[in-house]
Participant: 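I'd like to ask you about the structure that follows.
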There are 2 protein chains.
Amino acid sequence: MDQRFQNLLATAQDKCDGNGLRLTQKRKQVLNILIEASSPLSAYEIKDLYAKQHNENIKPMTIYRALEFLVEANLVHKLNLNNKYIGCARAKCCEHHGYSQFLICVRCGNVEETNVDPVIYEHLVQQAQAYQCEIVMPHLEVACICVRCK
Amino acid sequence: MDQRFQNLLATAQDKCDGNGLRLTQKRKQVLNILIEASSPLSAYEIKDLYAKQHNENIKPMTIYRALEFLVEANLVHKLNLNNKYIGCARAKCCEHHGYSQFLICVRCGNVEETNVDPVIYEHLVQQAQAYQCEIVMPHLEVACICVRCK
DNA sequence: CACGCATTGTTACAGTATAACATAACACAA
DNA sequence: TTGTGTTATGTTATACTGTAACAATGCGTG
């Protein structure tokens, strides 16, 4: 397994240990699949990959539970634009960081993850205040066409 | 029927006529349901409302087709955050306008529609350029908690 | 060990969306 | 007006996405 993946997993483990979260084997296996994948995966794609890698059938419920935990722990993001899940790719994914922003290619599904620009964040907060709304914003999704698909 | 709804429908009709789009009866009925609704609706909620209003069973496929047309025509937006559809609420919805932005309450589902702030838009475009991405961005969805749910 | 709580297993089902092919309505030219 | 191609709708079946409900197991702590 790639060294970089190992590091991500190890830091994820540390983060959970430090926060009283239990990164169990199942959850780690699901996270691992997402980290190794080069693109976002649907829950059922994860299911299939899991079955292939571990030679063991796994039920959707189990996948969704692991995903729920990982999203909660901010180790995985759910992309609503295409109902797929992506491992947090940023080097410091396991420390606190700003909100995530995704450039999602509507043709090939490729995704670039960045931080939400502070200027953007401030504007959003201000707009929300006009409606007395409190921003929760797990992340921002922006549809685009990537360089390879243009 | 509310005068304001009538106006929205009429302008929608005009816009389509002017652009060679056919706002057929089915499509107009679906649009009407969305405009009358005070909150976003799922495709199957539309289906049920349609059945009730017109005393006629309607198949999901038909709803989805109408929605596809209406979204394409920018008369309706699909909120990916909760898989619901909302009629474009802005007074000038039938003229060209900027990109839409939605403040979606994650508790009650209530939605406020505004324009994407030009400053935000510029920042997004610039960020995208760093990845040589071309922004398509039908709209921006921001999760929040509305004033009533705080 | 016993207790309480979090995790996982299992079954069933609800909700969301599209493929594929048939038929009908419409626009427009011959 | 009649033919012709195109767009819209009807119909059936099915794929994909996600959750409810309850049982069993594992884990930490007094």
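Numbers restart at 1 for each chain; the letters A, B, ... are given by sequence-line order, proteins then strands.
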Participant: Between C:dC26 atom P and B:Gln25 atom CD, what is the distance in whole Å?
Facilitator: 11 Å

Participant: Can you tell me if A:Lys78 touches the phosphate of D:dG18, counting only side-chain N or O atoms and a distance under 4.0 Å to OP1 or OP2?
Facilitator: yes

Participant: Whether the side chain of B:Tyr44 and the base of C:dA14 hold a donor-acceptor pair under 3.5 Å is what I'd like checked.
Facilitator: no

Participant: Picking from C:dT7, D:dA21, D:dT12, which would you name as closest to the side chain of A:Thr24?
Facilitator: C:dT7

Participant: Between A:Asn83 and D:dC16, is there a side-chain N or O to OP1/OP2 distance below 4.0 Å?
Facilitator: no

Participant: More than 12 foreign heavy atoms under 6.0 Å from CG of A:Asn19: is that the case here?
Facilitator: yes

Participant: Give one of base, sugar-phosphate or nothing for B:Arg22, where a contact means two heavy atoms less than 4.0 Å apart.
Facilitator: sugar-phosphate

Participant: In this structure, how many angstroms lie between the P atom of C:dC21 and the CE atom of B:Met61, rounded?
Facilitator: 14 Å

Participant: Take the protein atom CG of B:Leu21 and the nucleotide atom C1' of C:dA27, then report the distance between them rounded to whole Å.
Facilitator: 15 Å

Participant: Using a cut-off of strictly less than 4.0 Å, decide whether A:Ser42 has a side-chain nitrogen or oxygen near OP1 or OP2 of D:dC16.
Facilitator: no

Participant: If you look at every heavy atom in A:Thr114 and B:Tyr131, which pair is closest and at what distance?
Facilitator: CG2-OH, 3.1 Å

Participant: Looking at A:Arg65 and D:dG18, is any side-chain donor or acceptor paired with a base atom of the opposite kind under 3.5 Å?
Facilitator: no

Participant: Check every strand shown and say whether A:Lys84 touches a base, only sugar-phosphate, or nothing at a heavy-atom separation below 4.0 Å.
Facilitator: nothing

Participant: Between D:dA8, D:dG18, D:dT11, which nucleotide gets closest to the side-chain atoms of B:Thr62?
Facilitator: D:dT11

Participant: Take the protein atom OH of A:Tyr64 and the nucleotide atom C1' of C:dT10, then report the distance between them rounded to whole Å.
Facilitator: 17 Å

Participant: Rounded to whole angstroms, how far apart are CD on B:Glu45 and P on C:dT16?
Facilitator: 7 Å

Participant: Whole-Å distance between C:dT7 C1' and A:Leu23 CG?
Facilitator: 13 Å

